Amino acid sequence: MRRGRVRPRRTPRTRVEFGRPGQQRPRVLLWLVFGLLAVALGGAIAAFASSAWVPRVVQEVPATYVFPGTPPTIPWPQSGQAALTVSGLGGLGTSGQVATAVPIASVAKVLTAYQILTDHPLAADAPGPSITVSREDAVAYGRQLAEHESLVPVVSGEALTERQALQALLLASADNIAQLAARWDAGSVPAFLTRMNKTATRLGMTHSRYTDPSGLDRGTVSTAPDQLLLAAAAIRDPTFTEIVGERSAVIPVAGTIRNYNALLGRDGVIGIKTGSTLAAGGCLMFGADLSSGPDGRPRRVYGVVLGQPGSASTILPHALAAARRLIESAQSVLATATVVPVGYRVAVVHEALRSDRVLTPQADVGVVGWPGMRYTLRVSGPPENVTLTVQSQAEPGYQVVSSLK
């Protein structure tokens with residue numbers, strides 16, 4: 001019997017399928033995407049829930065308020081240039097070709113005085129350093145007198161204090177003192193003019209050019225708006241303000257000198273400077289304190305009038321008369337208006353699970369201005385301390401702030 005070969009018994013294999021790599025990867029990516037979406041959605045829900053609990057202040061009044069009424073009609077001069085502004089409120093406008101520079105006569109001496117006070121500040125009532133009249137200055141006086149310049153008598157060796165020189169410059173409008181003071185300040189007239197023109201640029205007087213310190217040269221030109229910028233800067237110097245407000249002063253040799261500004265002390269006029277030549281016409285830079293604003297507070301108005309026509313004897317009176325009409329009109333156009341009455345709904349506080357809280361002013365919110373003037377209204381502050389600010393768009397420095405409850 002043939003013996004056969006015994007075959008080993010095979011054990012059944014368990015088949016394990018791991019899947020192809022291309023099939024497994026999409027599942028992992030899908031779960032990853034689901035996880036990221038869940039995290040993002042959860043964050044969004046948490047943020048929304050969190051913000052919903054934070055109180056929000058919502059402004060309900062318009063962002064702009066226009067002073068009601070018909071815009072005022074200003075009695076502008078029929079010729080030349082003019083500009084008028086109320087300090088702290090804004091400009092009332094301009095007239096004439098104010099983008100064209102014109103001669104300004106002795107109004108130029110305002111920058112001359114401003115430059116000297118910038119370089120050599122004077123304390124209240126202080127005389128300042130001494131300025132000596134040279135032999136050349138004394139000799140030049142005779143020639144200038146023959147040419148009918150605006151002068152004060154001087155002699156060689158005469159000593160003027162800085163304050164006396166400024167008085168002669170701003171009250172008596174002395175051309176010879178303008179030259180003398182310029183040389184004393186900067187060493188020479190050309191060096192002084194360089195300083196003057198740099199200062200004009202710094203003040204934003206983009207249409208101005210100074211070719212002499214007195215304004216006698218018709219090449220010294222400016223515009224009414226430029227001179228208004230200078231007026232606002234110069235009047236901040238208390239010594240300048242004090243001097244231009246003087247009716248008279250006493251200086252060596254010349255004795256008593258008087259202010260050419262015939263408006264001084266009338267209609268609240270505090271100064272500042274007259275000017276007149278046949279090339280420039282009648283000119284005046286002025287400041288005036290209005291008797292009382294409609295809110296009971298005094299207001300100061302500044303203005304400039306240039307190029308008023310007439311003869312040599314009438315051009316300055318014409319400029320003074322034009323300025324007086326502008327001052328009177330500024331007094332008449334100022335008024336008050338109620339922007340938001342007491343109890344008016346200005347804003348609302350929204351808070352979750354609570355009723356809206358309405359915010360109102362506890363008193364009338366009023367402004368000073370004139371018809372057509374525009375203001376910006378802004379609600380600000382945390383819900384427990386909300387305020388309403390009303391701000392002039394023409395003069396950002398003027399604003400009224402009221403607490404809302």
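Please read all numbers here as calculations on a predicted model, not as lab measurements.
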**Student:** May I ask you to say whether E384 pairs ionically with K405, meaning some side-chain N is under 4.0 Å from a carboxylate O?
**Tutor:**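 No, this pair does not count.
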
**Student:** If only side-chain N and O atoms count, and only distance matters, is there a donor-acceptor pair under 3.5 Å linking S311 with T314?
**Tutor:**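 Distance-only check passes for T314 and S311.
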
**Student:** If you measure from CD1 on I251 to CD1 on I177, what distance do you get to the nearest 0.5 Å?
**Tutor:**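 Those atoms lie 6.0 Å apart.
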
**Student:** Just wondering, do Y210 and L111 contact through their side chains at under 4.5 Å, heavy atoms?
**Tutor:**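 With C-beta onward as the side chain, the pair touches.
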
**Student:** Check whether any side-chain N or O of R374 sits under 3.5 Å from a backbone N or O of S392 as a donor-acceptor pair, and report yes or no.
**Tutor:** no

**Student:** Please test F67 against Y375 for side-chain contact (heavy atoms from CB on, under 4.5 Å), starting from the C-alpha separation and ending with a verdict.
**Tutor:** CA-CA 8 Å; F67 202 107; Y375 306 81; 3.6 Å; yes

**Student:** Going by distance alone, is a donor N or O of one side chain under 3.5 Å from an acceptor N or O of the other, for S106 and K109?
**Tutor:** yes

**Student:** Can you check whether A347's main-chain N or O pairs, donor with acceptor, with Q59's side chain at less than 3.5 Å?
**Tutor:** no

**Student:** Go through the side-chain N and O atoms of Q227 and S222 and say whether any donor and acceptor fall under 3.5 Å apart.
**Tutor:**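 Looking only at side-chain atoms, S222 and Q227 do form a donor-acceptor pair, the distance falling under 3.5 Å.
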
**Student:** I'd like to know if the side chain of Q362 reaches the main chain of T360, judged simply by a donor and an acceptor atom lying under 3.5 Å from each other, with no hydrogens or angles considered.
**Tutor:** yes

**Student:** Applying side-chain contact (heavy atoms from CB on, under 4.5 Å), run through L284 and L263 and close with a yes or a no.
**Tutor:** CA-CA 10 Å; L284 180 68; L263 291 183; 4.1 Å; yes

**Student:** On a heavy-atom basis, which atom in G271 and which in L264 lie closest, and how many Å separate them?
**Tutor:**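 Closest approach of G271 to L264, heavy atoms only: N-CD1, 3.6 Å.
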
**Student:** So, taking the atom named OH in Y65 and the one named OG1 in T338, what distance separates them when rounded to the nearest 0.5 Å?
**Tutor:** 7.0 Å

**Student:** Any donor and acceptor pair, going by atom type alone, linking the side chain of Y398 with main-chain N or O of V368 inside 3.5 Å?
**Tutor:** yes

**Student:** For S276 and I315, which heavy atoms make the closest approach, and how far apart are they?
**Tutor:**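 What the structure gives for the nearest pair is CB-CD1, 3.8 Å.
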
**Student:** Can you confirm whether V340 sits close enough to L388 that some side-chain heavy atom of one is under 4.5 Å from a side-chain heavy atom of the other?
**Tutor:**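 Side chain of V340 against side chain of L388, heavy atoms only: contact under 4.5 Å found.
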
**Student:** What are the two closest heavy atoms between T85 and L228, and how far apart are they?
**Tutor:** CG2-CD2, 3.9 Å

**Student:** Could you walk me through whether T112 and L169 satisfy the side-chain contact (heavy atoms from CB on, under 4.5 Å) test, starting with their C-alpha distance in whole Å, then the side-chain angles of each, then the deciding distance to 0.1 Å, before giving a yes or no?
**Tutor:** CA-CA 9 Å; T112 300; L169 185 73; 3.9 Å; yes

**Student:** Looking only at side chains, do T387 and S403 share a donor and an acceptor under 3.5 Å apart?
**Tutor:**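 Per modelled atom types, T387 and S403 side chains form no pair under 3.5 Å.
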
**Student:** Would L84 and V301 count as a side-chain contact (heavy atoms from CB on, under 4.5 Å) here? Give the steps.
**Tutor:** CA-CA 7 Å; L84 187 64; V301 61; 3.4 Å; yes

**Student:** Please check if the side chain of E351 supplies one atom and the backbone of V349 the other of a donor-acceptor pair under 3.5 Å.
**Tutor:**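 Here the side-chain-to-backbone pair does not exist.
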
**Student:** Is R300 close to I270 at the side-chain level, that is, under 4.5 Å between some pair of heavy atoms?
**Tutor:**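 Of all side-chain heavy-atom pairs linking R300 with I270, at least one is under 4.5 Å.
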
**Student:** Should the heavy atoms of other residues, nucleotides or ligands under 6.0 Å from CZ of R202 be counted, would the total exceed 12?
**Tutor:**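 Yes, the 6.0 Å shell around CZ holds more than 12 heavy atoms from other groups.
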
**Student:** Compare every heavy atom of P361 with every heavy atom of V346, then report the nearest pair and how far apart it is.
**Tutor:**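 So the minimum-distance heavy-atom pair works out to CG2-CD, 3.7 Å.
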
**Student:** Side chains of E162 and W184: does their closest heavy-atom pair fall under 4.5 Å?
**Tutor:**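 Touching, per the 4.5 Å side-chain cut-off.
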
**Student:** Just grab all the side-chain hydrogen bond (donor to acceptor under 3.5 Å, both in side chains) pairs involving residues 258-275, residues at least two apart or on different chains.
**Tutor:** S173-K273, D267-R324

**Student:** In Å and rounded to the nearest 0.5 Å, what is the OG to CG distance from S150 to D175?
**Tutor:** 5.0 Å

**Student:** Look at the side chain of T277 and the backbone N and O of A280, then say whether any donor-acceptor pair between them is shorter than 3.5 Å.
**Tutor:** yes

**Student:** Give the minimum heavy-atom separation between S329 and S332, together with the two atoms involved.
**Tutor:** O-OG, 2.8 Å

**Student:** Quick one: are N176 and V154 in side-chain contact, heavy atoms under 4.5 Å?
**Tutor:**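 In short, these two side chains touch, coming nearer than 4.5 Å.
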
**Student:** Could you work out, with side chain to side chain donor-acceptor pair (under 3.5 Å) as the rule, every residue matching N197, not counting sequence neighbours?
**Tutor:**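 Applying side chain to side chain donor-acceptor pair (under 3.5 Å) to N197 gives none.
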
**Student:** Could you tell me whether the side chain of H318 and the main chain of Q308 form a donor-acceptor pair under 3.5 Å?
**Tutor:**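 No; judged by distance alone, with no hydrogens or angles, the pair does not exist.
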
**Student:** What are the two closest non-hydrogen atoms of T161 and G128, and how far apart are they?
**Tutor:**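 Smallest interatomic distance, heavy atoms only, reads CB-O, 4.2 Å.
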
**Student:** Looking at T211, is its backbone amide N or carbonyl O close enough to the side chain of T220 to form a donor-acceptor pair, meaning the two atoms are under 3.5 Å apart?
**Tutor:**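 Yes; at least one donor-acceptor contact below 3.5 Å.
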
**Student:** Hey, is CZ on R183 packed in by over 12 heavy atoms from elsewhere, all under 6.0 Å?
**Tutor:**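 Check passes, neighbour count above 12.
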
**Student:** Please list, chain by chain and in numerical order, all residues satisfying salt bridge (charged side-chain N to carboxylate O under 4.0 Å, His left out) with D217, sequence neighbours excluded.
**Tutor:**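 D217 satisfies salt bridge (charged side-chain N to carboxylate O under 4.0 Å, His left out) with no other residue.
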
**Student:** Enumerate donor-acceptor pairs with a distance under 3.5 Å from any side-chain N or O in residues 73-82 to protein atoms, sequence neighbours excluded.
**Tutor:**
from : atom 1 : to   : atom 2 : distance (Å)
Q81  : OE1    : A224 : N      : 3.0
Q81  : NE2    : Q97  : O      : 2.9
Q81  : NE2    : T100 : O      : 2.7

**Student:** Counting C-beta onward and ignoring hydrogens, is there a side-chain heavy-atom pair between V250 and Q167 closer than 4.5 Å?
**Tutor:** no

**Student:** Taking side chain to side chain donor-acceptor pair (under 3.5 Å) as the definition, give me every residue that meets it alongside R195, ordered by chain and number, with sequence neighbours left out.
**Tutor:** D119, D185

**Student:** To the closest 0.5 Å, what do you measure between CZ (R209) and OG1 (T201)?
**Tutor:**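 So the CZ of R209 and the OG1 of T201 are separated by 12.0 Å.
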
**Student:** Mind checking whether L170 and F240 have side chains closer than 4.5 Å, heavy atoms only?
**Tutor:** yes

**Student:** First locate atom CG of L171, then atom CD of Q164, and finally report the distance between them rounded to the nearest 0.5 Å.
**Tutor:**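 These two atoms lie 12.5 Å from each other.
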
**Student:** Answer yes or no: is there a donor N or O on one side and an acceptor on the other, between the side chain of Q399 and the main chain of V390, under 3.5 Å?
**Tutor:** no

**Student:** Under 3.5 Å, is there a donor-acceptor pair between the side chain of D137 and the main chain of Y141?
**Tutor:**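 No, the answer is negative, given that no donor and acceptor are paired below the 3.5 Å cut-off.
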
**Student:** Do we see a donor-acceptor contact under 3.5 Å between the side chains of T199 and Q115?
**Tutor:**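 Indeed, the side chains of T199 and Q115 share at least one donor-acceptor pair under 3.5 Å.
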
**Student:** Just jot down the ring-ring contact (aromatic ring centres under 6.0 Å, His included) partners of W370, sequence neighbours excluded, or say none.
**Tutor:** none

**Student:** Is there a side-chain contact between V98 and D226, using heavy atoms and a 4.5 Å cut-off?
**Tutor:** no

**Student:** Between CE of M196 and OG1 of T118, what distance do you get to the nearest 0.5 Å?
**Tutor:** 11.0 Å

